[in-house]
Amino acid sequence: MDILILAVVIAVVVVGALGGLIVGSRRKKQLPPPPPAAPDITAPPAEPHVGDEAETPREEPRRTVEEVDLPDGSTPVVVEEPPTEAPAIEIPEPTAGRLVRLRARLSRSQNVLGKGLLTLLSREHLDEDTWEEIEDTLLISDIGVQPTQELVERLRERVKVLGTRTTAELRGLLREELVALVDPSMDRTVSTENETGGPGIVMVVGVNGTGKTTTTGKLARVLIADGNTVVLGAADTFRAAAADQLETWGERVGAHTVRGPEGGDPASVAFDAVKEGKEMAADVVLIDTAGRLHTKTGLMDELGKVKRVVEKHAPLDEVLLVLDATTGQNGLVQARVFAEVVNITGIVLTKLDGTAKGGIVVAVQRELGVPVKLIGLGEGADDLAPFEPDAFVDALIGE
């Protein structure tokens, strides 16, 4: 028994000694350093403020959602748009002497006809070859065969009898003969006096591409410049934006435009235009018709219908045919067909400032027996001029 107790005591002592050795060896090992503490962060200084921001915030009274008046949807909210200013009304240039101011536009025609003839007539010997060249020059300028033969015969006779030789004398002689050929005795005023006492009714016709709608707008400026009030009838309902184009021309000079739906009945628009012209006591109603192709019989018949419908109000005072001067003799074919459908009373020659030959004025008057009343000499708004024979011939032969 004593031996057992002694063994237990020894075992306890041995275990205690071993435990002390293990703890002592662990204490001798270096422990890892503790983690660094988080640094203190200092807030940056506040940015400087000026004005209201530098002040200490003040408490302001605030309304709750229940206190705010909200629209109930019964009354529409009207947003007022800024008033738009009406376009300024333009004052067209006076028509008196306008052709004289625009005579420089005829310089190309002058080179073909006037200067060419003067050069030939100033030759020392006027033999048969020279007279043939003079005749060719006149034909190239689109005067026409019959007027050319008449002019050459008169020139030959006068040069032979009078013995005219100086440049000044030849220019005077040529001027007299050309003025006679243009025929200054024709009445070239645009008729705007209606027998019924209402507004004068003017209808503008022509084929596509002659500048007919533009010419109608420029003609409105001519009439207004002469002191007339004008109503425009946009009866060209087939060409896209034709009515818009005419209305724009009218707004620039204060002319009222009557129009209908695109593709609508042209005769109806023309009828309404004359009716409104009467109600407004206008001086002139100017009707722009569709650009008919003269080869389309049905369309030409429709143009005749427009004329008949308008004449239910009052007879037409003027029917103006717009021709492109650059087409030369080809334009005479168009003129013949239009003259058969409506009673043409006057001619408007456009694009006479380009490559056109000045002699077309003589040819078209001979063909239709009606005067050239207006000529277009440029793209400007006031480049449509009343035709003046003397000023026209002076522009052709130069100073």
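- Note that the CH2 atom of Trp131 and the CG atom of Leu120 stand 9.5 Å from one another [nearest 0.5 Å].
- In this structure, the side chain of Arg221 does not engage the main chain of Val253 through any donor-acceptor pair within 3.5 Å.
- Side-chain atoms of Thr216 never come within 3.5 Å of backbone atoms of Leu246 as a donor-acceptor pair (strictly under, hydrogens ignored).
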Leu181 vs Arg366, test: side-chain contact (heavy atoms from CB on, under 4.5 Å). Steps then yes/no. CA-CA 10 Å; Leu181 204 60; Arg366 287 292 186 93; 3.7 Å; yes
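- Taking CG of Leu320 as the reference point, atom CG of Leu219 lies at 6.5 Å (rounded to 0.5 Å).
- A 4.5 Å side-chain heavy-atom check between Val152 and Leu138 finds at least one atom pair inside the cut-off.
- Both Leu321 and Val337 belong to a single network of hydrophobic side chains, linked directly or stepwise wherever heavy atoms of I, L, V, M, F, W or Y lie under 4.5 Å apart.
- Taken from OG in Ser191 to NZ in Lys373, the straight-line distance is 6.5 Å, to the nearest 0.5 Å.
- Proximity of a side-chain donor or acceptor of Thr210 to a complementary backbone N or O of Gly206 within less than 3.5 Å is not detected.
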Which is it for Lys305 and Asp265 under the side-chain contact (heavy atoms from CB on, under 4.5 Å) test, yes or no, and what are the steps along the way? CA-CA 10 Å; Lys305 173 189 172 184; Asp265 183 15; 3.7 Å; yes
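- Scanning both residues, Asp187 and Pro371, for their nearest heavy atoms gives O-CG, 3.3 Å.
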Step-by-step side-chain hydrogen bond (donor to acceptor under 3.5 Å, both in side chains) determination, Thr237 to Arg259: CA-CA 8 Å; Thr237 60; Arg259 54 185 297 175; over 6 Å; no
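- Scored by the ring-ring contact (aromatic ring centres under 6.0 Å, His included) test, His256 finds no partners at all (sequence neighbours excluded).
- Remark: side-chain polar atoms of Gln365 are paired, donor with acceptor, to backbone N or O of Val182 under 3.5 angstrom.
- In this structure, Val202 and Ile287 have side chains that are not in contact, with every pair of non-hydrogen atoms separated by 4.5 Å or more.
- Going from atom CD1 of Ile143 over to atom CD of Glu150 covers 10.5 Å, rounded to the nearest 0.5 Å.
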Determine whether Arg252 and Ile89 satisfy the following criterion, side-chain contact (heavy atoms from CB on, under 4.5 Å), listing intermediate values before the conclusion. CA-CA 5 Å; Arg252 294 171 64 180; Ile89 303 299; over 6 Å; no
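- For Glu276, the salt bridge (charged side-chain N to carboxylate O under 4.0 Å, His left out) criterion is met by no residue, not counting sequence neighbours.
- Between Phe387 and Ile347 the shortest side-chain heavy-atom distance does not fall below 4.5 Å.
- Looking at heavy atoms from C-beta onward, Val319 lies out of side-chain contact with Asn343 at the 4.5 angstrom threshold.
- Under a 3.5 Å cut-off, the side chain of Asn228 and the backbone N or O of Val230 do not form any donor-acceptor pair.
- The heavy-atom pair separating Ala220 from Leu286 by the smallest distance is N-CD2, 3.7 Å.
- In terms of heavy atoms, Arg98 sits closest to Leu384 at NH1-O, 2.7 Å.
- When the side chains of ILVMFWY residues are joined at heavy-atom separations under 4.5 Å, either directly or via intervening members, Val204 and Trp249 end up in two distinct hydrophobic clusters.
- For CD of Glu311, the number of neighbouring non-hydrogen atoms (other residues, nucleotides, ligands) closer than 6.0 Å is greater than 12.
- Salt-bridge formation is not detected for the pair Glu379/Lys351: no Lys NZ or Arg NE/NH1/NH2 atom is positioned less than 4.0 Å from an Asp or Glu carboxylate oxygen.
- Using a 4.5 Å heavy-atom threshold, the side chains of Val231 and Pro199 count as separate.
- Leu374 and Leu377 fall into different hydrophobic clusters, where Ile, Leu, Val, Met, Phe, Trp and Tyr side chains are chained together by heavy-atom contacts under 4.5 Å.
- One side chain, Thr95 or Asp226, offers a donor N or O that lies under 3.5 Å from an acceptor on the other.
- The two residues Phe238 and Ala290 make their nearest non-hydrogen contact at CD1-CB, 3.9 Å.
- For the residue pair Thr192 and Glu318, no side-chain donor N or O sits within less than 3.5 Å of a side-chain acceptor on the partner.
- Look at Glu176 and Arg171 and you find no salt bridge, because none of the NZ, NE, NH1 or NH2 atoms lies under 4.0 Å from a carboxylate O.
- A side-chain N or O of Asp288 and one of Thr213 form a donor-acceptor pair less than 3.5 Å apart.
- The backbone N or O of Thr119 lies less than 3.5 Å from no partner atom in the side chain of Ser122, so there is not a single donor-acceptor pair.
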With a 3.5 Å cut-off and sequence neighbours excluded, list the donor-acceptor pairs that the side chains of residues 277-284 form with protein atoms.
| residue | atom | partner | partner atom | Å |
| --- | --- | --- | --- | --- |
| Lys278 | NZ | His313 | O | 3.4 |
| Asp283 | OD2 | Thr229 | N | 2.9 |
| Asp283 | OD2 | Thr229 | OG1 | 3.2 |

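- In this structure, the separation between CG on Asp136 and CD on Glu132 is 7.0 Å, given to the nearest 0.5 Å.
- Looking at heavy atoms from C-beta onward, Thr289 lies out of side-chain contact with Asp236 at the 4.5 angstrom threshold.
- Under the 4.5 Å side-chain heavy-atom criterion for Ile, Leu, Val, Met, Phe, Trp and Tyr, Leu368 and Leu303 are members of the same hydrophobic cluster.
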Assess the residue pair Val348 and Leu323 against the criterion (side-chain contact (heavy atoms from CB on, under 4.5 Å)); give the C-alpha distance rounded to whole Å, side-chain angles, the decisive distance to 0.1 Å, and a yes or no. CA-CA 6 Å; Val348 182; Leu323 291 178; over 6 Å; no
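- Of all the heavy atoms in Val310 and Ala270, the pair that sits closest is CG2-CB, 3.6 Å.
- Glu367 pairs by the salt bridge (charged side-chain N to carboxylate O under 4.0 Å, His left out) definition with Arg336, not counting sequence neighbours.
- In the hydrophobic clustering of ILVMFWY residues, with side-chain heavy atoms under 4.5 Å counting as a link, Met186 and Val393 come out apart.
- From Asp394, atom CG reaches atom CD of Glu388 across 10.5 Å, with rounding to the nearest 0.5 Å.
- In this structure, Ile360 and Leu352 have side chains that are in contact, with non-hydrogen atoms separated by less than 4.5 Å.
- Listed by chain and number, the residues in a salt bridge (charged side-chain N to carboxylate O under 4.0 Å, His left out) with Asp272 amount to none (sequence neighbours excluded).
- Under the 4.5 Å side-chain criterion, counting only non-hydrogen atoms from C-beta, Val145 is in contact with Leu139.
- Salt-bridge check for Glu177 with Arg158: passed, with a basic side-chain N closer than 4.0 Å to an acidic carboxylate O.
- With sequence neighbours excluded, no residue forms a salt bridge (charged side-chain N to carboxylate O under 4.0 Å, His left out) with Asp183.
- Taking both residues in full, the closest heavy atoms of Arg308 and Asp301 are given as NH2-O, 4.4 Å, listed atom of the first, atom of the second, then distance.
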Trace of the salt bridge (Lys or Arg N to Asp or Glu O under 4.0 Å) decision for Glu133 with Arg123: CA-CA 12 Å; Glu133 289 185 51; Arg123 288 182 179 177; 3.1 Å; yes
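- Taking 4.0 Å as the cut-off between side-chain N and carboxylate O, Lys218 and Asp383 do not count as a salt-bridged pair.
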